Amino acid sequence: MIRTEGLTKVYESKSGRQEALQDVSIHVDKGDIFGIIGMSGAGKSTLLRLIGMLEQPTSGKVWIQGQDVSMLTQGQQKEQRKKLGIVFQGYNLLMQKTVRENVEFPLRLSKTPRTQRRERAQELLKVVGLGDREGAYPAQLSGGQKQRVAIARALAPNPELLLLDEPTSALDSFTTASILELLQDLNKRMGITIVIITHEIGVVERVCNKTAVLDLSRVAEQGYTSEVMANP
Ligand code: ADP
Ligand code: ADP
C-alpha cells in the first residue's frame, strides 16, 4: 500500500541544516493500522507530508499502491492524492461553515453534484457518530467531535488510505478511546488502511497492528507492534 525507501529530507535555512528524516524505509500493507511513533522533532510530520505528496524528499522514494510517486507529473500526483485522506493536527475546520458543509468541502472541489454531496456528507456524519449535528458550527463542538468531523471530511472522497497526524494528542483519555474505536471500526468495516502519527505509546499499543519507531530522524525499529513493544 505504501512503501518508502531510503527516504531523506533535509531542510536548509539561514539557521543551518536540519536533517528531518534520514534513510527511512517503511512498509505499510493494505488493511494495516500502522503507527509511526516518536518524540517531538523525530520527523513524524515530515514523513507524513512526504507520503502525502505535500513535499518532495531530498532523496529516496515513496510508492503508493506500487506507483513511484516521483515519476508522476503534478497533475497525476493530484489524482493520486485523492486516494489519501489526510487528517492534520488541529483539525483545520472551516469555522464559518457548518459541520455538513465542512464534510462536503472536498466534494465541492471535485465538482460532485449538490444532492450527491449532501447525501454523502450525511452518511459519513452518521458513520462518525455525528448524524444529529450536521447544522452545528465547529465552535459549538467538543474536541472529539471536531476530530470526528475532520475524519468524515477526509473520508468524503472515498480514499483507500487515511493518514492522521496526532489524532488524539489534544483529547482526554475517554475521548481518545472513542476516536481510536472509530478508527478501528473504519478499518474493519470499510477496509480502509490507516497510518497514525503519535507520540503516545498507549495509542499504538491499543490499535496499531504494526509500528515504526522514529528516533532522531531514523527508523529505530519496525514491525508488529507486539514485537516492537516487547523489545527493551
Ligand atoms: P515531529 O513531527 O516528529 O515532531 P517534524 O517532522 O515536525 O517532527 O520535524 C523534524 C525536524 O525537522 C525538527 O527538527 C523540525 O524542527 C524540522 N523541520 C520540520 N519542518 C521543517 C521546515 N519546514 N523547515 C525547517 N525545519 C523543519
Ligand atoms: P508537529 O507539531 O506535528 O511536530 P511542527 O510544530 O514541527 O509540527 O511543525 C508545524 C509546521 O511548522 C510544519 O508545517 C513544519 O514544516 C513547520 N516547521 C517545523 N519546524 C520548523 C523549523 N525549524 N523551521 C521552519 N518551519 C518549521
Side-chain angles (χ1 to χ4, degrees), residues 1-28 32-64 69-70 74 77-78 80-81 84-93 143-144 146-147 150-151 153-154 159 161-173 175-176 179-180 183 193-223 225 228-229 231:
M1 193 75 180
I2 307 175
R3 198 154 66 82
T4 75
E5 186 117 2
L7 212 51
T8 294
K9 180 70 182 179
V10 180
Y11 292 108
E12 310 264 11
S13 67
K14 278 166 274 169
S15 49
R17 197 182 136 84
Q18 178 69 46
E19 294 192 310
L21 281 184
Q22 295 180 69
D23 196 23
V24 166
S25 301
I26 64 166
H27 193 133
V28 179
D32 279 345
I33 303 185
F34 193 97
I36 297 172
I37 189 165
M39 291 196 287
S40 181
K44 305 183 295 297
S45 302
T46 301
L47 179 54
L48 184 102
R49 291 197 295 271
L50 294 180
I51 293 170
M53 294 170 273
L54 304 169
E55 276 185 53
Q56 306 300 325
T58 306
S59 60
K61 283 192 171 174
V62 177
W63 287 264
I64 295 174
V69 305
S70 70
Q74 281 202 340
Q77 283 204 358
K78 209 172 144 195
Q80 189 79 350
R81 207 174 290 131
L84 314 175
I86 306 186
V87 179
F88 294 99
Q89 246 181 309
Y91 322 122
N92 281 359
L93 299 178
K146 283 183 207 153
Q147 185 61 279
I151 291 170
R153 182 182 54 186
L161 186 73
L162 193 59
L163 307 172
L164 304 105
D165 193 353
E166 298 278 7
T168 60
S169 62
L171 306 178
D172 62 59
S173 61
T175 312
T176 292
I179 292 292
L180 294 180
L183 294 177
T193 305
I194 298 180
V195 175
I196 303 178
I197 284 191
T198 183
H199 63 275
E200 298 167 291
I201 288 177
V203 168
V204 296
E205 283 182 338
R206 250 139 92 193
V207 296
C208 298
N209 64 318
K210 291 181 195 157
T211 299
V213 181
L214 272 189
D215 184 28
L216 298 174
S217 75
R218 291 178 184 276
V219 175
E221 277 190 76
Q222 171 173 207
T225 303
V228 168
M229 291 302 160
N231 291 330

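What you are looking at is a predicted structure, and each value in this text was computed from that prediction instead of being measured. For ligands, and for the atoms within them, numbers begin at 1 and follow the listed sequence. Numbering of residues begins at 1 and proceeds along the displayed sequence.
- Checking Ser40, Gly43, Gly16 against atom 8 (O) of ligand 1, the nearest heavy atom belongs to Gly43.
- Applying the 6.0 Å contact sphere to CD of Glu12 captures more than 12 heavy atoms from other residues, nucleotides or ligands.
- The closest approach between Arg49 and ligand 1 falls below 4.0 Å for a heavy atom of the residue.
- Between Ala20 and ligand 1, no N or O atom pair is found at a separation short of 3.5 Å.
- Checking side-chain atoms of Arg49 against main-chain N and O of Lys44 turns up no donor-acceptor pair under 3.5 Å.
- Between the side chains of Thr58 and Thr8, no donor-acceptor pair of N or O atoms lies under 3.5 Å.
- Taking the side-chain hydrogen bond (donor to acceptor under 3.5 Å, both in side chains) definition, one finds that Asn92 meets it with nothing, sequence neighbours left out.
- Using 4.0 Å as the threshold, Gly41 has a heavy atom nearer than that to some atom of ligand 1.
- Looking at Gln18 against ligand 1, only its side chain comes within 4.0 Å, counting heavy atoms.
- Heavy atoms of Ser13 stay at 4.0 angstrom or farther from ligand 1.
- We find that Glu5 and Lys61 are not joined by a salt bridge, their nearest charged nitrogen and carboxylate oxygen being 4.0 Å or further apart.
- For the residue pair Asp32 / Thr193, no side-chain donor-acceptor distance below 3.5 Å is found, with atom types taken as modelled.
- Heavy atoms of Met39 come nearer than 4.0 angstrom to ligand 1 in at least one pair.
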